[in-house]
Amino acid sequence: MKFKDKVLLAVSRIPKGKTSTYKEIAARAGRPLAYRAVGNILSRNYDLKIPCHRVVRSNGQPGGYNRGAERKILVLKKEGVRL
DNA sequence: CGTATGACGTGCA
DNA sequence: GTGCACGCCATAC
């Protein structure tokens, strides 16, 4: 199991209507300090099976999205996530 | 194998 | 509260 897969798995574990932070995902993947790599990996591995749009920044900012940040925010709002 | 990059986080002004 | 600079890790070339 590579760090990449762990990250994707952790993201896929995020329940609907909830959000997680890159830091949290990194910790889930076993590298709490690799939040940098988390964003990088997600950006290069945007599987539709992975709700990567539920991953936000620690400061509450939406962050980014491979399909456009606007799209990400839209999905989050649809799921009932409050900003 | 070594360098550069990125959807980040924290600290300080 | 806002803005800038540095540090960190894994991946890609």
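Chain naming here is simple, since letters A, B, ... match the order of the sequence lines and numbering starts at 1 in each.
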Give [X] one of three labels, base, sugar-phosphate or nothing, depending on what nucleic acid heavy atoms sit under 4.0 Å from its own.
X: A:Ser58; answer: sugar-phosphate
X: A:Ala37; answer: base
X: A:Ile41; answer: sugar-phosphate
X: A:Phe3; answer: sugar-phosphate

In this structure, how many angstroms lie between the [atom2] atom of [N] and the [atom1] atom of [X], rounded?
X: A:His53; N: B:dA7; atom1: NE2; atom2: C1'; result: 14 Å
X: A:Arg57; N: B:dT10; atom1: CZ; atom2: C1'; result: 11 Å
X: A:Tyr35; N: C:dC6; atom1: OH; atom2: C1'; result: 11 Å
X: A:Asp5; N: C:dA10; atom1: CG; atom2: P; result: 14 Å
X: A:Leu42; N: C:dT11; atom1: CG; atom2: P; result: 12 Å
X: A:Leu8; N: B:dA7; atom1: CG; atom2: P; result: 16 Å
X: A:Arg31; N: C:dG7; atom1: CZ; atom2: P; result: 22 Å
X: A:Tyr22; N: C:dT11; atom1: OH; atom2: C1'; result: 16 Å

(message) What I want to check is whether an N or O donor and acceptor connect the side chain of A:Tyr65 with the base of B:dA7 at under 3.5 Å.
(response)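 No pair found.
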(message) Side-chain N or O of A:Lys6 versus OP1/OP2 of C:dA10: is the shortest distance under 4.0 Å?
(response)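 Indeed not, no polar side-chain atom of A:Lys6 lies that close.
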(message) Does B:dG6 have its OP1 or OP2 closer than 4.0 Å to a side-chain nitrogen or oxygen of A:Arg44?
(response)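 False: A:Arg44 side-chain N/O out of range (4.0 Å or more) of B:dG6 OP1/OP2.
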Of the listed nucleotides [options], the one nearest the side chain of [X]:
X: A:Asn40; options: B:dG6, C:dC9, B:dG9; answer: B:dG6
X: A:Lys72; options: C:dC9, B:dG9, B:dA7; answer: B:dA7
X: A:Cys52; options: C:dC8, B:dT10, B:dA7; answer: B:dA7

(request) Take A:Lys23 and A:Ser43, find for each the nucleotide of DNA chain B with the closest heavy atom, and name the residue whose nucleotide sits nearer the 5' end. (result)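 The residue mapped nearer the 5' terminus is A:Ser43.
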(request) Measure from the side-chain N and O atoms of A:Asn59 to the backbone N and O of A:Gln61, and report whether any donor-acceptor pair falls under 3.5 Å. (result)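 Checked: pair present.
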(request) Using atom types as modelled and distance alone, determine if a side-chain donor or acceptor of A:Lys16 lies under 3.5 Å from a backbone N or O of A:Glu79. (result)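 Not at all, since once roles are kept as given, no pair shorter than 3.5 Å links the two residues.
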(message) Tell me the closest heavy-atom pair linking A:Ala34 and A:Ala26, and the distance in Å.
(response)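 Looking at all heavy atoms of both residues, the closest pair is C-CB, 3.9 Å.
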(request) Please report the closest heavy-atom contact between A:Pro51 and A:Val11, naming both atoms and the distance. (result)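 That would be CG-O, 3.3 Å.
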(message) Does atom NZ (A:Lys72) have a neighbourhood of more than 12 heavy atoms from anything else shown, all under 6.0 Å?
(response)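 Correct, the count exceeds 12.
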